[in-house]
Amino acid sequence: MKIFNIINKEFLLASRSGYEIFMPVVYLVIIMIFFNISISYVSNDIILELLPLMIWISCLLICILNIETIFKEDYDDGTLEMFLIKKEGIEIEILAKILSHWILSNLPIVFVAPLVAMILGLDLTTTLTLFVTLLIGTPTMSLIGSIAAALTISLKKNKILVSIIVLPLYVPILIFGTSAVNNSFFNMNYDTELLLMTFLFFIFLIITPLACSKALKISLD
Amino acid sequence: MINSLIELENISLSRNDNNILKDISFNIETSKALNLYGTNGSGKTSLLGIITGMTEPTAGNIHNFSGDDRLFEKIIYVGHKYGIKANLTVLENLLYSADDSKDKISRIDKALKVYNMNNLREVLTKNLSHGQQKKVSLMKTLVSDSLLWIIDEPYSALDNDSITIFNNTVNSFLNHGGSLVMTSHAEIKKSLFSIANYEINK
C-alpha cells in the first residue's frame with residue numbers, strides 16, 4: 001500500500017472516531033487551567049517562568065497517553081498481520097503510520113500549546129521558541145514511543161509498560177526542550193539545545209522504522 | 001508432473017520447550033489447494049504463520065520454486081482475525097486492500113457481486129454480522145493479483161450459500177494457476193476442487 005493510502009486511511013478512521021481526536025488538546029487545556037488555578041497565589045513573574053516548562057511536561061505526558069494506540073487497533077483487527085507479510089517497504093509504511101499518528105494526536109498540541117501560553121501572558125519570542133521545540137520534540141517522542149508500543153503490542157494492558165519504557169528516553173528531549181525555552185525566556189542562546197533536539201529526531205527517524213518492524217514481527221511471532 | 005510452488009522441508013517449531021510442529025514436509029502446488037487439518041492446538045495456524053514468513057521455524061527450510069522472488073509479498077492471508085477495519089465501509093475496506101491496478105474498481109464490483117454483498121457496500125463493517133464480516137475478508141482474495149491464498153479456517157462463520165460461493169471462487173482461482181493453503185478440522189472432499197489433505201499431528 002502506498003504511503004498516501006495509509007495516511008488517507010488513518011485520517012478517515014480518525015474522522016470517524018468521534019470526540020477522541022480532540023482529547024489531546026482537551027487534556028492540555030484542562031491541565032493548563034488547573035495549573036493556573038493552583039498557582040494563582042504565586043507572583044506573575046514566577047508563573048511566566050514556569051509556564052513553558054509546565055506546557056512541555058503536559059505535552060510529554062499527553063504524548064505518552066496516546067502512543068500505545070498507534071499499532072493496537074491494527075493488531076486487534078488483524079490488519080497488522082497482512083501488513084507484516086510484506087517483506088519490503090514495511091519501514092516506509094511504519095513511518096507513514098507514525099506520521100499520521102503524530103499529525104492527528106500531537107500536531108494539534110504543537111499549535112494549541114503556544115496559543116495557550118500566549119493567552120496566559122508569555123512573550124512572543126519565548127512562545128515561538130516553545131512552538132519550535134515542540135515541533136521538533138513531539139515527533140521524536142512519537143518515534144521513540146512507537147518502538148515501545150511495537151514491543152508491547154501483544155500485551156493486553158500495555159499502557160503502563162509503554163510509559164515505563166519511554167519515560168527515561170523522553171528525559172533528554174524534555175531537558176533540551178525546556179532548557180531552550182528557558183534560555184529564550186532569559187534572552188540567552190539556545191542554538192545548542194535545538195541542534196541536539198534535531199540530532200535526536202534524525203537518529204530516531206532512522207532507528208525507529210527498523211526497530212518497529214523487528215519488534216512487531218517478534219510480538220506477532 | 002508435480003508443479004511445486006513452495007516446498008516446506010522438515011519444518012519444526014518449538015516454544016519454551018514445547019514442540020508445536022515436528023518435521024513437517026509438504027509441497028504447495030500450482031493450481032492445487034492444500035488443506036492442513038488437525039485438532040485444536042495441533043499447530044495449523046502456526047504453520048500458516050511459517051509459510052507467510054510471520055513466524056520463524058526452529059528448524060527446516062522453505063523453498064520458493066515459483067521463480068518470483070516477491071511471491072511472499074503478494075500472499076493474500078486471511079487469518080482468524082479478519083483484517084478489516086470496523087469503522088470503514090465494505091467498499092473502503094476493499095479499496096484499501098486491493099492492489100493498485102487499473103481494473104481495481106471493476107474487481108471490487110465483481111467481488112461484491114460474487115459474494116452478494118453489493119447492497120452492503122456502503123455499510124460500516126462494524127454493523128455487519130460475523131458471517132458478513134468473514135465474507136468481506138474473503139472478498140479481499142478477489143481484489144488482488146496474488147498467486148497464493150492462505151486462509152485460516154475459511155468455512156468458519158459461513159452459511160451454506162457462502163461456502164458454495166467460496167468453493168466456486170477457489171475453483172476458478174485454481175483453474176487460473178493459483179494455489180490455496182487452508183486449514184480446517186477435517187479432510188476436505190476431493191470432489192469440491194483440486195485439493196490435497198495433509199494431517200497435522202502434534
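Worth saying up front: this structure is predicted, and the values here are computed from it rather than measured. So that the names make sense, note that chain A is the first sequence line, chain B the second, and so on, each numbered from 1.
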Parallel, tilted or perpendicular: rings of A:F111 and A:F131 (30°, 60°):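 Correct class here is tilted.
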
Greatest number of heavy atom pairs closer than 4.5 Å to chain A - which of B:V78, B:I50, B:L88, B:I75: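 Most heavy-atom pairs within the cutoff with chain A belong to B:L88.
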
Top of B:I84, B:N87, B:I76 for chain A proximity - count of heavy-atom pairs under 4.5 angstrom: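 Ranked by heavy-atom pairs under 4.5 Å with chain A, first place is B:N87.
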
Side chain, backbone, both or neither of B:L124 within contact of chain A (heavy atoms, under 4.5 Å): side chain

Residue B:Y82 versus chain A: region with a heavy atom under 4.5 Å: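 When you check distances to chain A, only backbone atoms of B:Y82 fall under 4.5 Å.
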
Closest approach of A:A113 to A:L134 (non-hydrogen atoms, all atoms of both residues):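 Scanning both residues, the minimum pair turns out to be CB-CD1, 3.7 Å.
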
Test item: A:P24 and A:N106 side chains (from C-beta on) under 4.5 Å apart, heavy atoms: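 No - every pair of side-chain heavy atoms lies 4.5 Å or more apart.
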
Flag side-chain contact, heavy atom, 4.5 Å: A:M141 against A:L60: yes

Check: B:Y155 ring centre within less than 6.0 Å of B:F166 ring centre: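 When the ring centroids of B:Y155 and B:F166 are compared, they turn out to be within the sub-6.0 Å range.
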
Side chain, backbone, both or neither of A:D74 within contact of chain B (heavy atoms, under 4.5 Å): both

